[in-house]
Amino acid sequence: MTEPALIEIKGVTHAYQTATGPLPVLDNLNVSVPEGTFTAVVGPSGCGKSTLTKLIAGLLRPDRGEVWLHGERVKSPRKTVGMAFQNPVLLEWRTILDNVILPLEIVAPRMPKKDRIKRAEELLALVGLEGFEDKRPSELSGGMRQRASLCRSLVHKPDVLILDEPFGALDAFTREDLWQTMHELRRQEPFTSLLITHDLRESVYLADEVIVLSGRPATTQFVLDVDLPGERALDVLYQPKAVDYLATLRHQIQIAQGRATQEEAAQ
Amino acid sequence: MNSTLYKVGVPLAAAILFLLFWEWLVWVNGWPNYKMASPSDLVPAFWKYRLLFIENGWQTLWRTVVGLLLAVIAGTALGMVMGFSKLMRDALYPLLVGFNAIPKATVVPILALMFVGEHNLNTILIAFMISFFPIAVSVSIGLSTLEPEYRDILRSLGASRVTIFWKIALPKTLPEFFGALKVAVTLAFIGTNLMEIVSPHGRGLGSLFDSGKISADYPLMFAVLLALAFLGIVLYYIVVLLEKIFAGWAERAPG
């Protein structure tokens with residue numbers, strides 16, 4: 001018998017109740033993310049990608065279907081999930097160090113303060129924020145804030161890291177820096193991750209598998225296995241294989257947006 | 001430049017200039033006392049009634065502070081109820097606005113009759129009623145505009161609503177709360193004095209003002225105004241100090 005995947009989404013259908021009636025966002029969606037892998041989810045705007053993250057985090061219950069984490073059905077939020085959003089949502093009244101410690105206060109209230117600080121300092125050093133522990137979020141640049149936010153999402157060693165477009169609001173160079181930081185983090189702190197993104201290059205550079213969702217209501221339209229070395233330098237994106245991946249994904253997105261057909265894609 | 005000297009010196013210089021201008025204005029127009037007393041007339045008034053000023057000033061101050069504390073407690077509670085529940089917000093908002101729109105001067109005789117003889121209670125109630133509105137509104141707005149992501153980072157870890165309130169909602173609302181408290185401080189003084197002037201029990205700076213009016217002691221009346229301004233400034237800066245301690249993070253470095 002094979003080990004079940006860490007994240008299993010089985011036949012999930014979900015709709016939001018709006019003033020004009022139900023708005024279906026997910027339709028019979030199946031996703032599975034094996035332990036230790038990095039999966040990226042791309043799709044047209046408003047196709048329900050963020051809904052997917054909320055379902056996995058247990059913040060929402062699906063109308064139909066099941067979400068499983070670690071062989072357990074998700075019915076409510078659990079302590080083994082880490083989240084980071086496009087908005088770093090750091091608490092302005094806390095220092096960077098105290099921001100990173102926050103999840104430990106909830107998840108491990110008995111952990112000695114000294115250990116919490118040590119853990120947070122290690123992570124901050126790993127993302128290049130050594131020496132910024134006592135600064136306030138308002139004193140940091142956007143990229144640095146996002147780095148701190150990543151540390152916060154990892155500080156309690158979650159099984160699953162859910163990233164909802166965390167690099168979306170950053171400039172191109174800062175974004176590429178953070179991509180490399182993600183690879184570095186993964187090497188030092190192995191985790192299973194699901195990344196929601198609009199950036200196809202980002203998905204190819206970071207993920208082992210890219211899932212393309214169809215337009216709303218979303219279902220799995222296409223799955224791309226990214227066969228690139230685990231340790232990736234940025235120039236990997238300019239290799240022919242990566243360029244092919246990007247072209248394929250680009251086309252799949254156009255299909256999802258309803259601007260091209262499968263037949264055209266096959267050509 | 002020495003920053004403490006600057007912080008005290010600049011406002012002090014402005015106050016002195018203002019008093020000089022006032023003195024000059026009265027002198028150049030040749031206004032009699034009953035039209036406008038000049039600052040130099042106020043000094044003897046302050047000295048003559050110094051004991052009364054201390055006693056009545058204290059009366060006004062403690063009633064205002066108690067009224068304000070009540071306003072903070074009730075206003076925060078109301079703001080929390082309205083901030084967390086859309087139903088309560090929709091239900092209570094018009095009521096609250098209507099209540100606030102009633103000029104409090106009209107409530108003074110009603111309260112005075114309702115609690116005849118309970119002068120302290122009357123005065124505190126008016127100070128409370130006039131000052132809780134901005135606090136309730138700001139707390140409710142602060143809580144209801146909390147970005148969902150802030151809640152989600154803790155909710156996704158299984159944190160309870162109480163934990164989310166203490167760790168995120170409450171501190172995030174503090175800057176708005178202190179902004180409202182600054183408005184409430186001055187309003188509470190208005191409330192206290194409304195009651196003190198109208199009520200015939202002879203306590204507080206309001207009644208001192210009234211006795212100045214009855215005995216046609218115009219410098220005394222102006223002296224009371226100045227004393228009220230002074231108390232208002234003191235309370236205001238106490239709030240500013242508290243804000244610095246509890247919500248100093250909201251202040252950005254200049255430039």
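Order of the sequence lines sets the chain letters (A, B, ...), proteins ahead of strands, with each chain counted from 1.
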Next item on the list: Report yes or no: is the cationic atom of Lys10(A) (NZ for Lys, CZ for Arg) closer than 6.0 Å to the six-membered ring centre of Trp68(A), at no more than 45° off its axis?
Entry: yes
Notebook entry, point to check: Between Ile162(A) and chain B, which part of the residue has a heavy atom less than 4.5 Å away: side chain, backbone, both or neither?
Noted result: neither
Next item on the list: Side chain from CB out, backbone as N, CA, C, O: work out which of these in Ile106(A) comes under 4.5 Å of a heavy atom of chain B, or both, or neither.
Entry: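 Side chain only.
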Notebook entry, point to check: Could Asp171(A) and Arg175(A) be called an ion pair, given the rule that one side-chain N must be under 4.0 Å from one carboxylate O?
Noted result: no
Next item on the list: Measure Ile168(B) against the heavy atoms of chain A and call it side chain, backbone, both or neither at under 4.5 Å.
Entry: both
Check: Restricting to pairs with a member in residues 235-246 of chain B, which pass side chain to side chain donor-acceptor pair (under 3.5 Å), not counting sequence neighbours?
Finding: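 Only Lys182(B)-Glu243(B) qualify under side chain to side chain donor-acceptor pair (under 3.5 Å).
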If we count only N and O atoms by modelled type, under 3.5 Å, do the side chains of [X] and [Y] hold a donor and an acceptor together?
| X | Y | answer |
| --- | --- | --- |
| Thr37(A) | Glu209(A) | no |
| Glu35(A) | Thr192(A) | no |
| Thr95(A) | Arg136(A) | no |

Checklist line | Contact listing (chain A partner; residues 61-84 of chain B; heavy atom under 4.5 Å) | finding: none
Item checked: Proximity of residues 150-159 of chain B to chain A, residues having a non-hydrogen atom under 4.5 angstrom -> Tyr150(B), Asp152(B), Ile153(B), Leu154(B), Arg155(B), Ser156(B), Leu157(B), Gly158(B), Ala159(B)
Notebook entry, point to check: Taking every heavy-atom pair that is under 4.5 Å apart, which of Glu105(A), Arg94(A), His156(A) has the most such pairs with chain B?
Noted result: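 If we count pairs closer than 4.5 Å to chain B, Glu105(A) comes out on top.
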Check: Any idea which of Thr80(A), Asp164(A), Leu91(A), Val81(A) has the most non-hydrogen atom pairs under 4.5 angstrom with chain B?
Finding: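 Max contact count across the listed options: Leu91(A).
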Margin query: Are Leu161(A) and Arg186(A) packed together at the side-chain level, in the sense that at least one heavy-atom pair is separated by less than 4.5 angstrom?
Written below: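 No, too far: nothing below the 4.5 Å cut-off.
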Item checked: Geometric class of the Tyr16(A)/His14(A) ring pair [parallel <30°, tilted 30-60°, perpendicular >60°] -> perpendicular
Notebook entry, point to check: Is the count of non-hydrogen atoms from other residues, nucleotides or ligands lying under 6.0 Å from Phe178(B) atom CZ greater than 12?
Noted result: yes
Notebook entry, point to check: Considering residues at least two apart in sequence or located in another chain, which fulfil the side chain to side chain donor-acceptor pair (under 3.5 Å) criterion with Arg89(B)?
Noted result: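 Applying side chain to side chain donor-acceptor pair (under 3.5 Å) to Arg89(B) gives none.
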Next item on the list: Give a yes or no answer on whether the side chain of Arg119(A) reaches the backbone of Leu104(A) with a donor-acceptor pair at less than 3.5 Å.
Entry: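 No; judged by distance alone, with no hydrogens or angles, the pair does not exist.
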Checklist line | Shortest non-hydrogen contact from Ala108(A) toward Arg116(A) | finding: O-NH2, 3.5 Å
